> 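Below: one structure in structure tokens.
Bear in mind that the values here come from a model prediction, so they are computed numbers and not experimental data. Below, all heavy atoms of this structure are taken into account, side chains as well, without hydrogens, waters or symmetry copies. Throughout, protein chains are lettered first and strands after them, A, B, ... in sequence-line order, and every chain is numbered starting at 1.
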There are 2 protein chains.
Amino acid sequence: MALKSDLSLDIDKISSDTMADVVEMRLRDYFKKKSFKPGDALPKEQELAEALGVSRNVLREALSRLRMLGMIETKKKRGMILSSPDVLGGFQRVLDPLIISPDALQDLFELRLILEMGLADVLFLNLNDKSIRELEIIANSEKKKNKEAFRIANEIAFHGKLYEMAGNDTLKRFQHMLLPVFGFVLQVENEFLSGSVSHQDLVEILKSGNKNDFRNGMYEHLKPHFDRLEALKKIN
Amino acid sequence: MALKSDLSLDIDKISSDTMADVVEMRLRDYFKKKSFKPGDALPKEQELAEALGVSRNVLREALSRLRMLGMIETKKKRGMILSSPDVLGGFQRVLDPLIISPDALQDLFELRLILEMGLADVLFLNLNDKSIRELEIIANSEKKKNKEAFRIANEIAFHGKLYEMAGNDTLKRFQHMLLPVFGFVLQVENEFLSGSVSHQDLVEILKSGNKNDFRNGMYEHLKPHFDRLEALKKIN
DNA sequence: CAAATGTTTTTGTACTACATAAAAACGAGT
DNA sequence: ACTCGTTTTTATGTAGTACAAAAACATTTG
């Protein structure tokens, strides 16, 4: 191990990185070093390419990545400007249950449970009568129809509303992106159970209970999922 | 609203998208439609470019994006294969406190609090003596040195260990990426308070308490941050 | 002075050419 | 027939040129 460590100090690790990979990093470093802020104008492609010693082609492959992430915006003639990227943009593009690894899928499933269990405190900070009433309407509309498709849509609406009530837009979007993953895992397991605490029960707790009541209620509501987790953990 | 809706159905929104943007989407759709799975080989660049009616240049700009996200891997001669992207890769690239918007920064700060509050259940599912002992060592090492830099490093080590103990690798990495954001917000606010429940107290709870004890303890530990949140919410 | 028109500049797209790496095919020697 | 080494083939990686398109800027003209 010591030998290997010494070696890795002496010999540069061969990088199978392409020029585009390198340029991407170099551009990032450049922005940081120059402490560019969103809105600042960047040099034109020609100059950047020459400064980096690469073809404009390669440079554009790197720029294309940054543009996808929303880090830069470009307009003809006016050039490029650094901009505030959407923090979830890159995440969203990758969140396809069919291509991400089963392990990551399982992790994300857990992540959603953790989020909902941790939501109570921030939720109670933002609570107001109006949003509780809106939530109640969603909860009450469940009894009327019993079709499976509607039940799922309603499930999504209810939990989505909870996130919305927490007043954290990023979190809300995050949850929304996680929905397909959650649905996919459950679909694979062919399991769509509901806990002993209903949506309507949760609404009642929001009206007259406290944070701890809500947490406990949410746990019971999600209990089947936690049971499933526990069973999985025991196998491994 | 209805009129606008009808219009947007009839008239295609003018897209200032570049060809690379379009090609990126088209490739995504193509992978889905063909239900390619990770490991499957993809057509070569030439063929794809011709099929899409764009230059190989543009195609490569789109491929460069997908490659960055880990969706595809390419090797000379052998061609490209679809692969399982790292779900957090795209997120990590964008998570620079200096360029993301203040609103998103605040959202992410809250998100970390939510995660730690929600951690209890999954944490208790994975609890074992060995990891508790390791956590205790971290907590006990705090008293010895009091230097600020060390305190911060220890704070990170302790909370990081908690995430690790939850046995969710994605979550652990997520937390690790969130650290700079957390530190940045606190640094800006020039506030580095600690709650009434210490790390050592939390370890004791893990040893002899239950989930609810831990949640309450964690809340008290994070209390200064929640107080700060509450103050912010009242202003708005 | 204002509107129309032309000019310039920078990004966007296409095409060609060649370098490079790696698999595949081939061939010599035992 | 089998192994080792060499050559060929082929797909990606990089460079360079050319031109289209759009937008800011300059100029002309009523």
> Could you check whether the side chain of B:Asn57 and the base of C:dG12 have a donor-acceptor pair of N or O atoms closer than 3.5 Å, going by distance alone?
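No such pair is found, so the answer is no.
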> Among all residues two or more places apart in sequence or in another chain, which pass the ring pair (Phe, Tyr, Trp, His ring centres under 6.0 Å) test with B:Phe226?
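B:Tyr219.
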> B:Leu59 CG to C:dA14 C1': how many Å, rounded?
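Taking CG of B:Leu59 and C1' of C:dA14, I get 13 Å after rounding.
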> In chain order, what residues pass the ring pair (Phe, Tyr, Trp, His ring centres under 6.0 Å) check against B:Tyr30, with sequence neighbours excluded?
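If we apply the ring pair (Phe, Tyr, Trp, His ring centres under 6.0 Å) test to B:Tyr30, skipping adjacent residues, the hits are B:Phe36.
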> Salt bridge or not between B:Glu73 and B:Arg67? Use side-chain N to carboxylate O under 4.0 Å.
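The answer is no: the pair does not qualify as a salt bridge.
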> Distance check needed: D:dT12 C1' versus A:Asp21 CG, whole Å only.
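Going from A:Asp21 (CG) to D:dT12 (C1'), I get 13 Å.
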> So, does B:Ser55 get its side chain near the phosphate of C:dA14, meaning an N or O under 4.0 Å from OP1 or OP2?
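So the side chain of B:Ser55 is within the cut-off, an N or O lying under 4.0 Å from OP1 or OP2 of C:dA14.
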> Regarding B:His159 and B:Gln175, do their side chains bring together a donor and an acceptor under 3.5 Å, going by distance alone?
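Side-chain D/A pair, B:His159 to B:Gln175: absent.
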> Taking DNA chain C as the partner, which of residues 67-77 of chain B come within under 4.0 angstrom of it by heavy atom?
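Output list: B:Lys76, B:Lys77.
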> Mind checking whether B:Ile99 and A:Ser84 have side chains closer than 4.5 Å, heavy atoms only?
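Side chain of B:Ile99 against side chain of A:Ser84, heavy atoms only: no contact under 4.5 Å found.
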> Whole-Å distance between D:dT12 P and B:Leu63 CG?
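Those two atoms, CG and P, are 9 Å apart.
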> Ion pair present between A:Glu164 and A:Lys161, side-chain N to carboxylate O less than 4.0 angstrom?
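A salt bridge is present here (some side-chain N lies under 4.0 Å from a carboxylate O).
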> From the options B:Leu42, B:Ile72, B:Leu59, B:Val22, select the one residue that forms a side chain to side chain contact (heavy atoms under 4.5 Å, CB included) with B:Leu27.
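Single side chain to side chain contact (heavy atoms under 4.5 Å, CB included) partner of B:Leu27 among B:Leu42, B:Ile72, B:Leu59, B:Val22: B:Leu59.
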> Using the benzene-type ring in the case of Trp, are the ring centres of A:Phe91 and A:Phe174 under 6.0 Å apart?
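They qualify: ring centres under 6.0 Å apart.
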> Any carboxylate oxygen within less than 4.0 angstrom of a Lys/Arg side-chain nitrogen, looking at B:Arg93 and A:Glu24?
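A:Glu24 and B:Arg93: salt-bridged.
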> Starting at the 5' end of DNA chain D, which residue's closest nucleotide do you reach first, A:Glu61 or B:Gly79?
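With A:Glu61 and B:Gly79 compared, the 5'-side residue is B:Gly79.
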> Please name all residues satisfying ring pair (Phe, Tyr, Trp, His ring centres under 6.0 Å) with A:Phe109, sequence neighbours left out, ordered by chain then number.
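With neighbours one apart ignored, the set is A:Phe182, A:His225.
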> Mind running a 4.0 Å heavy-atom check of residues 36-51 of chain A against DNA chain D and sending the residues that fall below it, in number order?
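Close to the strand, none.
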> To the nearest Å, how far apart are B:Arg78 CZ and C:dA23 C1'?
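Nearest whole value for this atom pair: 9 Å.
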> Rounded to the nearest angstrom, tell me the gap between atom CZ in A:Arg60 and atom P in D:dG16.
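The distance from CZ of A:Arg60 to P of D:dG16 comes to 17 Å, rounded to the nearest Å.
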> Specify the separation, in whole Å, of atom CG of A:Leu52 and atom C1' of D:dT14.
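Computing the A:Leu52:CG to D:dT14:C1' distance gives 14 Å.
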> Extract from the structure each pairing of a protein N or O with an N or O of nucleotides 5-8 of chain D at less than 3.5 Å, listing the distance.
none

> Over how many whole Å does the gap from A:Met19 atom CE to D:dT12 atom C1' extend?
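Going from CE in A:Met19 over to C1' in D:dT12 covers 14 Å.
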> To the nearest angstrom, how far is A:Arg56 atom CZ from D:dT17 atom C1'?
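Rounded to whole Å, this separation is 11 Å.
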> Compare every heavy atom of A:Arg228 with every heavy atom of A:Val185, then report the nearest pair and how far apart it is.
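Scanning both residues, the minimum pair turns out to be CG1-NH2, 3.1 Å.
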